[in-house]
Protein chains: 2
Amino acid sequence: MQLDELKQKFEQFLKQKGYKVTKSRLELIDKIASYGSHFEIEQLVVWVSNQDKGVASRSTIYRTVKLLQEFGAIREVIKLGNRTIYEFIAGKPHHEHLICVKCGKIIEFYREDIEEIQDKVCEEYKFTPINHRLEIFGVCDGCSHSLV
Amino acid sequence: MQLDELKQKFEQFLKQKGYKVTKSRLELIDKIASYGSHFEIEQLVVWVSNQDKGVASRSTIYRTVKLLQEFGAIREVIKLGNRTIYEFIAGKPHHEHLICVKCGKIIEFYREDIEEIQDKVCEEYKFTPINHRLEIFGVCDGCSHSLV
DNA sequence: AAATTATTGCAAATGAAATTCATTTGAGCT
DNA sequence: AGCTCAAATGAATTTCATTTGCAATAATTT
Ligand SMILES: [Mn+2]
Ligand SMILES: [Mn+2]
Ligand SMILES: [Zn+2]
Ligand SMILES: [Zn+2]
């Protein structure tokens, strides 16, 4: 999906919800899309503030991240200690993560079979799943060879 | 495993690490074990403080929870928003969680096949897993029938 | 373009978790 | 049992991410 198309959809979403289509909101979706898939809000705040002036304040960034989550373009994918790592998922297929606890490297993977098993488990418990997150913490190949 | 046995192991662990065996630490492992499997630290602080006086202060509770994590009796199992839910896992087999976003109900499940697939994925990426967490957020049976 | 309503930015508040530091306690030794 | 010293404790304070109140501003509606 193109970014322009996404922005259009986001505008529709905002209008339909009775929210306003603002400069900040549209510029932030651009910034987040170009930042790179996995990000933390504070990093984003710093990065955005160091660029053009006046895109959005910290509060607006926090608020817009929530909006984009509601819209479905962003997802909370990793919770490590008291850090939250988000991901821009628009147009990206669902996947899970391996997280290296030494270097922070994030590896993405997808297994249809894991998804299917989850569906079965939910059925068994008459549980209606909304979303899920599988985090595998460990040590990546590079780090397991390094002597540090 | 009996609680007494666990406490013995914990004492061994403390000594071996050069930590001290203190009243607070031994009493806290009791309290946590009897609190119920899933808990948040702040709840625990309130509960412990409202019981007998002098078991441990907030700081000690936070510090001891970390110790017990290091020891392996406790695990961070659910990260929801800015809440962290821990679980007393000593003597309990590994499992994953379904979390109802309406009522907070937690359902535990275990699937050997999911574990096996994860191992394969890790092998494929030459990734050495340390621990993992699968959280499925959704609506439980009870909540899906309630009209609230 | 005036009226209405939501959004913004800033500062201040919050809440979980970590930390500081004076005091107490545990462990080893005599 | 007393002595010594390092580690643990509690209370207060700090940190840091996130949230909120509010006056000013911008987007929609009429
Ligand atoms: Mn990802
Ligand atoms: Mn559990
Ligand atoms: Zn690594
Ligand atoms: Zn429920």
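Quick note on labels: first sequence line is chain A, next is B, and so on, each numbered from 1.
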Inset, instruction - Enumerate the residue pairs fulfilling salt bridge (Lys or Arg N to Asp or Glu O under 4.0 Å) with a member in residues 60-74 of chain B, sequence neighbours excluded, ordered by first and then second residue. - result: B/Lys17-B/Glu70
Inset, instruction - Decide if atom NZ of B/Lys105 counts as having more than 12 heavy atoms of other residues, nucleotides or ligands within a radius under 6.0 Å. - result: no
Legend entry - Of residues 16-23 of chain B, the positions that come close to DNA chain C - non-hydrogen atoms, cut-off under 4.0 Å: B/Lys20, B/Val21
Inset, instruction - Return the residues of residues 70-87 of chain B meeting this criterion: a heavy atom under 4.0 Å from some atom of DNA chain D. Order them by number, or give none. - result: B/Asn82
Legend entry - ILVMFWY cluster, B/Ile89 and B/Ile41 together (side-chain gap under 4.5 Å): no
Inset, instruction - Quick one: name the residues clustered hydrophobically with A/Phe137, using the 4.5 Å side-chain heavy-atom rule over I, L, V, M, F, W, Y, and just say none if it's on its own. - result: A/Val77, A/Ile78, A/Leu80, A/Ile85, A/Ile99, A/Val101, A/Ile106, A/Val139, B/Ile130
Legend entry - Atom NZ of B/Lys126 with >12 non-hydrogen neighbours under 6.0 angstrom: no
Legend entry - Those residues of residues 24-47 of chain B lying under 4.0 Å from DNA chain D by at least one heavy atom: B/Ser24, B/Arg25
Would you be so kind as to tabulate the donor-acceptor pairs closer than 3.5 Å made by side chains of residues 110-117 of chain A, with sequence neighbours excluded?
| residue | atom | partner | partner atom | Å |
| --- | --- | --- | --- | --- |
| A/Tyr110 | OH | A/Glu112 | OE1 | 2.5 |
| A/Arg111 | NE | A/Asp113 | OD1 | 3.0 |
| A/Arg111 | NH2 | A/Asp113 | OD2 | 2.5 |
| A/Glu115 | OE1 | A/His132 | NE2 | 3.3 |
| A/Glu115 | OE2 | A/His94 | NE2 | 3.2 |
| A/Glu115 | OE2 | A/His132 | NE2 | 3.4 |

Legend entry - B/Lys79: partners by side-chain hydrogen bond (donor to acceptor under 3.5 Å, both in side chains), with sequence neighbours left out: B/Thr84
Legend entry - Straight-line distance of A/Asp141 CG to A/Cys100 SG, nearest 0.5 Å: 10.0 Å
Inset, instruction - Pull out every residue in residues 57-69 of chain B that has a heavy atom closer than 4.0 Å to any atom of DNA chain D, ordered by number, or say none. - result: B/Ser57, B/Ser59, B/Thr60, B/Arg63
Legend entry - For A/Glu123, salt bridge (Lys or Arg N to Asp or Glu O under 4.0 Å) partners two or more places apart: none
Inset, instruction - Go through the structure and list residues passing side-chain hydrogen bond (donor to acceptor under 3.5 Å, both in side chains) with A/Asn131, not counting sequence neighbours. - result: none
Legend entry - Between the first and last five pairs of the helix from C/dA1-D/dT30 to C/dT30-D/dA1, the angle of the axes, rounded to 10 degrees: 30°
Inset, instruction - Extract, from 5' to 3' on DNA chain D, the first and final nucleotides lying under 4.0 angstrom from some heavy atom of chain A. - result: D/dA17 to D/dT28
